[in-house]
Structure formats: structure tokens, C-alpha cells
There are 2 protein chains.
Amino acid sequence: MTLEAILDASMALLDTRGAAALTMRNLAEALDCTQASLYRHVRNREELVTLLVDRTLGVASSVPPDGADWAEKAAWSARLFREHLLRHPGVASLLRGTERLGPNSLAGREYSLELFIGAGLSPRLAAAVASSLATFVIGSVHFNLGLDASDSEEISHRRLLYRSRDAAAFPLLVQHADVLAEVGSDDEFEVGLNALLTGFRILIEREDTTRD
Amino acid sequence: MTLEAILDASMALLDTRGAAALTMRNLAEALDCTQASLYRHVRNREELVTLLVDRTLGVASSVPPDGADWAEKAAWSARLFREHLLRHPGVASLLRGTERLGPNSLAGREYSLELFIGAGLSPRLAAAVASSLATFVIGSVHFNLGLDASDSEEISHRRLLYRSRDAAAFPLLVQHADVLAEVGSDDEFEVGLNALLTGFRILIEREDTTRD
DNA sequence: ACCTGAACACCGTTCAAGT
DNA sequence: ACCTGAACACCGTTCAAGT
């Protein structure tokens, strides 16, 4: 019985039965031990979650393709990370801000600092830029968890909701109900990611001319 | 005993004792009734949270100053909304994605559509842009909840953490420990917000030239 | 028709007692 | 030294029984 085994069993529980099923009782049952013995390897349930999330963050350390510039690398990592979270919604739903200081989180931080300092930003700006990008990526997954737009039933449900609003109070929602219902988290993510990276690029250019 | 009274008591509970204190028992005690009678006005605890969050979103409907362009208005609303959430961290910690279809949420959606369509975007792009901005603002508050950077004790704690890393594995974290420890959620928010709005501006310009 | 008391089926966590 | 069984203090939710 190792910490590793506990984390593995936790991931299995999350992936097969969802976040609500990650209880100390279910975990003990899956590992054939008592609840109390779990506390020998983990201080809290919260610590367990922190370890679990940080472990998942480790996937972001996959190295982007060579020859790409900083923006392409950042976009590549952001998309990879998002896709990993989408594949493990149970983990995504557990995301808080508390896990930023775990080992894998720090590794990701080091990597993104390298990226943005290399692109020409000061350490301070690089940190803020990296942090805002991470917030957007994680938020985009986290806050769209139960709302998959590719589900056609969900789309028509939203279309109906928009269409049935009061046209005087919500003219645009009613008028564009059809197209609005189709806009999903993929669009939100790509538009936001591109806007952020464009904004970062211009920030970098401005920093460069300031320095000259 | 009205739904309004339940929501008021919930907010009071959240603001004074935090999110963990928002239980049906505490709520019943505060309202001098039994837990069971709460279920006469609310289907679920989840529905209660949804109503509570949507009610909080209502503050975003404050009208921005006249004469401002779309970017200034968007920035103004984003900052106002963030500040309101920071004043009510208990509510912020309850944010999921599930509340996007409440009345106040829809009002905010209508408003931001007006803003971005008015700026020159197609309804589809306007929706994606508005959604990504909302995700960033909410995420920036939500994922920084326990980590106030203005707390000097917290700053020195982070500085120590960064400094004590392995300099071979985390050269940048170690080298810039002092300045990195000072970068907080305010910096993250302002940098990200400005980058997003800059990106939106360029997207709008590109749409305009495409149309010509 | 409305509210209540009491229960049900769960939680996370702790700790004396065993081996 | 390690693990266990059993309990403690909580949850959200339901429902027969009362008024």
C-alpha cells in the first residue's frame, strides 16, 4: 500500500464514477483496506486532491515541437493540457487554486517562465502572462464541464431557451438564438486563446521598443 | 418565509462564515425553521447555489460610464464584477459553469452581445469573445481564492519556497524568487484582461478589413 | 394545505484497542 | 510499529405523522 497506489485508485474512481465518488470509503473499498489506514499516507482528503491535481498537471510538461516560436509553443501546450483535462473531467472538477505549489505545477511554471522570458518579457510580466494563460485554460475547462455543446440535444435545448425569452428585454438573444446555441466551449477556448496570445505579442513588441 | 429570505440568509452565512457553513441545517437555524421546510422553496441545495450565484451576477448589469468605447466598457464591467466577487469570496468559491442560464446571467449575456456586436463582430464571434472574457474574469477570482498576494506573510512564504528549489531543475524560479513571489492575482488579472481586449481589438479590425 | 420530527444513507476524521 | 473496528460529528434528503 503506497501513496502511488492510492493516487492510481483515485484516478480510476474519478474516471469511472465521477468526482462525487471520490470518497475515503470508496477508496478504501477499492484498495481493500480501512478508511483509517488511508490517513497513514495522506493527511487529508484535501491533500489527496492536491496531489491528484498536481499529478495531472504533469502532462503539461510534454515538450512542444521544435522550431516553433513562443506563441506556437504556448498554444500547443495550452491545447494539450485542455484536451487532457477534457479526457479526465473528474479531475477538472476538482481544480481549485490551491495546487499551484505542487512539484508539477512548479515545473510548468518554470517552463512557461522560460518561454515568456525568452520571448522578451521581464520576469514579472512573464509570470503574470503565464498565470493569466493558465487561469484561462483551466477556467475554460472547469466552467464548461456539464455543458457540452457538441451534444445536439443540449444545443436544441439552449436554442429553445433563447428563443422563448422576452424579445423586448433580450432582443439579441432572441434574434440570434440559432447561432448562439451552437457556440460552445471549443469556440470560447480558441477565440480566447488566440486573443490572449495576440495581446501577449503586442505587449512584447511594446516592451522591446520601450527598451530601445 | 420566502425564497428571497432564504437567499438573504444564505448570503449572510457565506459572507460571515464561509462557503463550508452554507448547509441546510445552518440555514434552517438562521431562519428558525426546520430543514425540511427549506425544500418547499428550493428543490435542491444545488438549485439554491445556482440561484445564489445568478443573483450575484446581477451586479454586472450596472451600466458603464457613457462615452466610453466598447473596450473601456468591457474593462469597466470586468473590473466591477471581479471586485464584487472579491468582496464575496464565499459566493466566488461556489462558481461552477452550471449557472449560465439564470436570468441575470442571460442579462449579462445580452449586454455583452450588444457590446461586441456593436463593436463590429458577428453574433457568433461576439458570443465566443464574451464567453471567453467571462471565463477569464471568473477563473481569475475563483482560482486565486486562498492566495492573497498582498498578505506579506504569504509573499515571504512563496519567496522561501521558490528560493529553496533545486537550482538545476528550476533555474528561473530560484533566480527570480523575489519578484515572482510578489506577482499576485491583481497582476494576473490586469495583464490578462488587457491582453484579451487587445486581442479582441485586432480580431475586430481583421473582421472589418475582411468585410471590405 | 402546510409544517414538523425523526429518520435514512451517506460524509471526513479520530482513536482506543488489538496484533 | 502498524492496522483495525467502531465511533463521532457532521452532511443532503425524504416522509410519515401531526395540525
Side-chain angles (χ1 to χ4, degrees), chain A residues 1-56 89-99 102 145-146, chain B residues 1-56 89-99 102 145-146:
Chain A
M1 159 85 69
T2 64
L3 176 62
E4 209 62 21
I6 294 179
L7 293 178
D8 286 339
S10 300
M11 280 298 277
L13 224 39
L14 286 176
D15 287 341
T16 59
R17 296 169 54 194
L22 183 65
T23 70
M24 304 307 266
R25 277 167 177 81
N26 287 342
L27 211 44
E29 191 185 7
L31 290 164
D32 240 332
C33 68
T34 54
Q35 305 168 232
S37 47
L38 294 173
Y39 288 86
R40 203 151 293 278
H41 302 86
V42 161
R43 205 189 319 267
N44 271 342
R45 184 179 181 277
E46 197 186 314
E47 187 181 283
L48 175 68
V49 169
T50 301
L51 291 169
L52 218 49
V53 170
D54 184 72
R55 190 201 228 194
T56 297
V91 182
S93 72
L94 295 175
L95 287 169
R96 312 253 141 208
T98 341
E99 315 84 0
L145 270 180
Chain B
M1 159 87 70
T2 64
L3 177 60
E4 209 62 21
I6 294 180
L7 293 179
D8 285 340
S10 300
M11 279 300 276
L13 225 40
L14 285 177
D15 286 343
T16 58
R17 295 169 56 193
L22 183 65
T23 71
M24 304 308 265
R25 276 168 179 80
N26 287 342
L27 211 44
E29 192 186 7
L31 289 164
D32 241 332
C33 68
T34 53
Q35 305 169 232
S37 49
L38 295 173
Y39 287 87
R40 202 151 292 277
H41 303 86
V42 160
R43 203 190 319 268
N44 269 343
R45 183 179 182 276
E46 197 185 316
E47 187 182 282
L48 174 67
V49 169
T50 301
L51 291 169
L52 218 48
V53 170
D54 184 72
R55 187 201 230 196
T56 297
V91 182
S93 72
L94 294 176
L95 288 168
R96 312 255 142 206
T98 339
E99 314 85 0
L145 270 180

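In what follows, every chain begins at residue 1, and chains take the letters A, B, ... in the order their sequences are listed.
Going from atom CD1 of Ile6(A) over to atom CE of Met1(A) covers 5.5 Å, rounded to the nearest 0.5 Å. Taking CE of Met24(B) as the reference point, atom CD of Gln35(B) lies at 8.0 Å (rounded to 0.5 Å).
Contacts between residues 3-28 of chain B and DNA chain C, defined by a heavy-atom separation below 4.0 Å, involve no residue at all.
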Could you check Asn44(A) against Val49(A) for side chain to side chain contact (heavy atoms under 4.5 Å, CB included), going step by step and ending with a plain yes or no?
CA-CA 9 Å; Asn44(A) 271 342; Val49(A) 169; over 6 Å; no

Evaluate Leu27(B) against Leu48(B) for side chain to side chain contact (heavy atoms under 4.5 Å, CB included), listing each step before the verdict.
CA-CA 11 Å; Leu27(B) 211 44; Leu48(B) 174 67; 3.6 Å; yes

Apply side chain to side chain contact (heavy atoms under 4.5 Å, CB included) to the pair Thr98(B) and Val53(B), showing each step before the final yes or no.
CA-CA 10 Å; Thr98(B) 339; Val53(B) 170; over 6 Å; no

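Contact detail for Leu94(A) and Ala19(A): the closest heavy-atom pair is CD2-CB, 4.4 Å. Closest approach of Ala21(A) and Asn26(A) over heavy atoms only: O-ND2, 2.9 Å.
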Given Watson-Crick or G-U pairs with both distances under 3.5 Å, what dot-bracket string fits DNA chain C, with | for other-strand pairs and [ ] for crossing?
||.|||||...|||||.||

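A donor-acceptor pair is defined here as one N or O able to donate and one able to accept, closer than 3.5 Å; no such pair exists between the side chain of Ser37(B) and the backbone of Cys33(B).
Remark: Glu47(A) CD is packed, more than 12 non-hydrogen atoms of other residues, nucleotides or ligands lying under 6.0 Å away.
Comparing Met1(B) and Asn44(A) along DNA chain C, the residue whose closest nucleotide (by nearest heavy atom) sits nearer the 5' end is Met1(B).
Salt bridge absent: Glu99(A) and Arg55(A) never bring a charged side-chain N and a carboxylate O closer than 4.0 Å.
Bracketed by its first and final contacts, the part of DNA chain D lying under 4.0 Å from non-hydrogen atoms of chain A reaches from dC3(D) to dG5(D) in 5' to 3' order.
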